[in-house]
Number of protein chains: 2
Amino acid sequence: MRQYECERCPLRGVEIFRKFTKEELNFVSDFKSGELAAEAGTTFLTQGSSSAYVYTVLSGWGYRYKYLEDGRRQVLNFVFPGELVGLQGAVLKEMEHSVQALSDMILCIFERKKLWELYKNYPMLAYDITWLAAREEQMLEEHLLTVGKRTAKERLAYLVLHIFERAKSLGMNKGKSFDVPLTQQHVADTLGLSLVHTNKTLRVLYNQELISWKKKTLTILDYDRLCDIAKWEGLGAQKRPFI
Amino acid sequence: MRQYECERCPLRGVEIFRKFTKEELNFVSDFKSGELAAEAGTTFLTQGSSSAYVYTVLSGWGYRYKYLEDGRRQVLNFVFPGELVGLQGAVLKEMEHSVQALSDMILCIFERKKLWELYKNYPMLAYDITWLAAREEQMLEEHLLTVGKRTAKERLAYLVLHIFERAKSLGMNKGKSFDVPLTQQHVADTLGLSLVHTNKTLRVLYNQELISWKKKTLTILDYDRLCDIAKWEGLGAQKRPFI
DNA sequence: CGACAAGTTGACGCACGTCAAGGCCGGTGG
DNA sequence: CCACCGGCCTTGACGTGCGTCAACTTGTCG
């Protein structure tokens, strides 16, 4: 049921996260009510349902998405280790999106009911949750700008940089390369492009020696030119909280 | 400096907002450090700057938007009375979007510094802020779906319904009509469409007797068919907090 | 009545979507 | 070991929804 004690949480060591006090750690440990191992492909939160839990990603990649009734799918954002999932479902009446595991994931389970205790007794953690929500909002806004205003080539450049930055901040990269459990269909559904056009645009980036993406390994060949193309300024690199 | 005392706040009476305790009201009144009257067209929060304040909208409409360096603009969302503006700038390092008044607005000013006090002493209000952030996120996600996957006609239908629902929940409508201080350029920049195509698509909706939009007055002529076209299920109508 | 912002309309072009046909590769079973 | 299958990727041909350009109209405010 619980393999990872909060006190020995493998993520705590990652530099980007702010340090917790002993007391906070104790509370979180108590707050945590178990772990969920989700295999790649599992949808563990579903659009339209109200979840009794909030999760923190311990390891693995996932993505949040929405469907239109006729099947059109929009990927909203990805979820990386240290991030909170399902807050909407806990705070509002229900989730209006689904979350699926891209790779095998381990999630820490927190009960919705206990969230209130956290707010009441650990204002710093409450503030942290707000911080995480604000950051999520910021990412969504940049995505909206991407889908609304960037061209196909700009979108691809943006997406590649976006996921690279996020992976890198967690040490999930190997130099300029990293493993990406995405299919081109995922990419297309993230960027509001068709599968075919996504494929052809990726080919352009490859031909221009900007990236290489073979067998789930993505390599950034020319970071600066990609930034230029994407017209993107990067994510802030502040220390971040994690519950 | 302060025309509207929190104790006599005109918004408190609006049914959709949850009631505050006497104590909460006192705190908010103390938290509030003044009012800002922004004329239509004023940009009162700017992309890239870090603001020392958070605002609550007392009256009027605004919109949040982002620019790409070459001038392409994406409208992210609108802001209505009772909503919080500038939380990102208060919690994270800086705002990554701007906010402009569409009509004349009155905003309550809160100091960023005091936000922490709120978290420490009024967990319920802290929770409310999270609630508002989660709702904002939900709206953004629906917008992303719209821009990514809906056709021009669907987008227009969606937008019309979206702003109508929000205005209506605040009693800002007159039956099926309401005043909309938007130009077609705003609409285009919200939906990721060109101005010309927006105009032509609006004409289609008008010709099909779905809406009428003349001189800043928008009328919903056929609510049901619009919903059908938009493939949208509406915003939740829960009681909402407001700081 | 002039000036300027906003809305309107038609003509034309292109970025991206759709369709369709293979190709590659890892997995499974005989 | 090969045969087959089902995902996923790739590529060309062709179609179209939406963008761009440009000119005109309408409304508004001095």
Side-chain angles (χ1 to χ4, degrees), chain A residues 39-41 63 68 70-75 100 102-103 146-160 179-208 211-219 229, chain B residues 39-42 63 68 70-75 100 102-104 146-160 179-208 211-219 229:
Chain A
E39 283 181 22
Y63 71 107
L68 237 31
D70 61 8
R72 283 175 280 177
R73 177 180 69 167
Q74 177 67 40
V75 173
Q100 191 171 75
L102 281 165
S103 63
T146 300
V147 174
K149 290 280 121 98
R150 286 192 239 249
T151 65
K153 192 176 171 190
E154 290 167 353
R155 291 185 212 189
L156 261 310
Y158 164 75
L159 180 64
V160 160
D179 286 346
V180 180
L182 295 172
T183 66
Q184 294 188 2
Q185 187 66 61
H186 289 120
V187 175
D189 288 345
T190 306
L191 299 177
L193 296 169
S194 72
L195 173 60
V196 174
H197 198 67
T198 300
N199 180 286
K200 286 176 181 171
T201 308
L202 277 170
R203 172 118 327 240
V204 171
L205 294 187
Y206 178 72
N207 288 341
Q208 299 189 355
I211 62 165
S212 133
W213 192 336
K214 296 235 163 96
K215 294 208 196 191
K216 308 290 169 201
T217 297
L218 173 55
T219 308
I229 291 168
Chain B
E39 282 182 22
T42 315
Y63 71 107
L68 235 32
D70 60 9
R72 283 175 280 178
R73 177 180 71 168
Q74 176 68 40
V75 172
Q100 191 171 77
L102 281 165
S103 63
D104 291 346
T146 299
V147 174
K149 289 283 121 103
R150 287 192 239 249
T151 64
K153 192 176 171 189
E154 290 167 354
R155 290 184 212 190
L156 261 310
Y158 164 73
L159 180 64
V160 161
D179 287 343
V180 181
L182 294 171
T183 66
Q184 293 188 3
Q185 187 66 62
H186 288 122
V187 175
D189 289 345
T190 306
L191 299 177
L193 295 170
S194 72
L195 173 60
V196 174
H197 199 65
T198 300
N199 180 287
K200 287 175 180 172
T201 309
L202 277 171
R203 174 120 321 240
V204 172
L205 294 188
Y206 178 71
N207 289 339
Q208 299 188 357
I211 63 166
S212 131
W213 191 338
K214 295 236 163 96
K215 295 212 198 187
K216 309 291 170 202
T217 298
L218 173 54
T219 307
I229 291 167

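Throughout, a chain's letter reflects where its sequence line sits, starting with A, and its residues are numbered from 1.
Regarding Asn207(A), its CG atom lies at a distance of 11 Å from the P atom of dT10(D), rounded to whole Å. The interatomic distance linking Lys149(A) (NZ) with dA15(C) (C1') rounds to 16 Å, in whole Å. Between the P atom of dG17(D) and the CZ atom of Arg72(A) lies a distance of 13 Å, rounded to the nearest Å. Nucleotide dA6(C) holds its C1' atom 13 Å from the CG atom of Leu202(B), rounded to whole Å. Atom pair Leu193(B):CG and dC16(C):P shows a separation of 14 Å (rounding to whole Å applied). Spacing between atom OH of Tyr206(B) and atom C1' of dT9(C) amounts to 16 Å, rounded to whole angstrom units. At whole-Å resolution of the value, CZ in Arg203(B) and C1' in dT25(D) are 12 Å apart. If you measure from atom CD of Gln184(A) to atom C1' of dC16(C), you get 16 Å, rounded to the nearest angstrom.
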**OP:** Dump the intermediate steps for side chain to side chain contact (heavy atoms under 4.5 Å, CB included) on Tyr63(B) and Asp189(B), then the final yes or no.
**Re:** CA-CA 11 Å; Tyr63(B) 71 107; Asp189(B) 289 345; over 6 Å; no
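Within 4.0 Å of Thr201(B), counting heavy atoms only, lies no atom of the nucleic acid at all. Using a 4.0 Å heavy-atom criterion, one finds that Leu195(B) contacts no nucleic acid atom at all. Within 4.0 Å (heavy atoms only), Thr183(B) reaches sugar-phosphate atoms of the nucleic acid but no base atom.
Two residues, Ser194(A) and Lys216(B), neighbour DNA chain C, and the one matched to the more 5' nucleotide by heavy-atom proximity is Lys216(B).
Between Thr183(B) and Lys216(B), the closest side-chain pair of non-hydrogen atoms falls below 4.5 Å. Asn207(A) places a side-chain heavy atom less than 4.5 Å from the side chain of Arg203(A).
Scanning both residues, Arg155(B) and Arg150(B), for their nearest heavy atoms gives NE-O, 2.8 Å. Pairing each heavy atom of Lys153(B) with each of Gln208(B), the nearest pair is NZ-OE1, 3.0 Å.
Side-chain nitrogen and oxygen atoms of Asn199(A) include at least one within less than 4.0 Å of the OP1 or OP2 phosphate oxygen of dT10(D). OP1 or OP2 of dG7(C) has not a single side-chain nitrogen or oxygen of Gln185(B) nearer than 4.0 Å.
Comparing dC18(D), dC9(D), dG17(C) by their closest approach to the side chain of His197(A) singles out dG17(C). Closest contact between the side chain of Val196(A) and the listed nucleotides dT28(D), dC19(C), dT10(D) involves dC19(C).
You won't find any donor-acceptor pair under 3.5 Å spanning the side chain of Lys200(A) and the base of dG17(C), going by distance alone. For Lys153(B) against dG17(D), no side-chain N or O and base N or O form a donor-acceptor pair under 3.5 Å.
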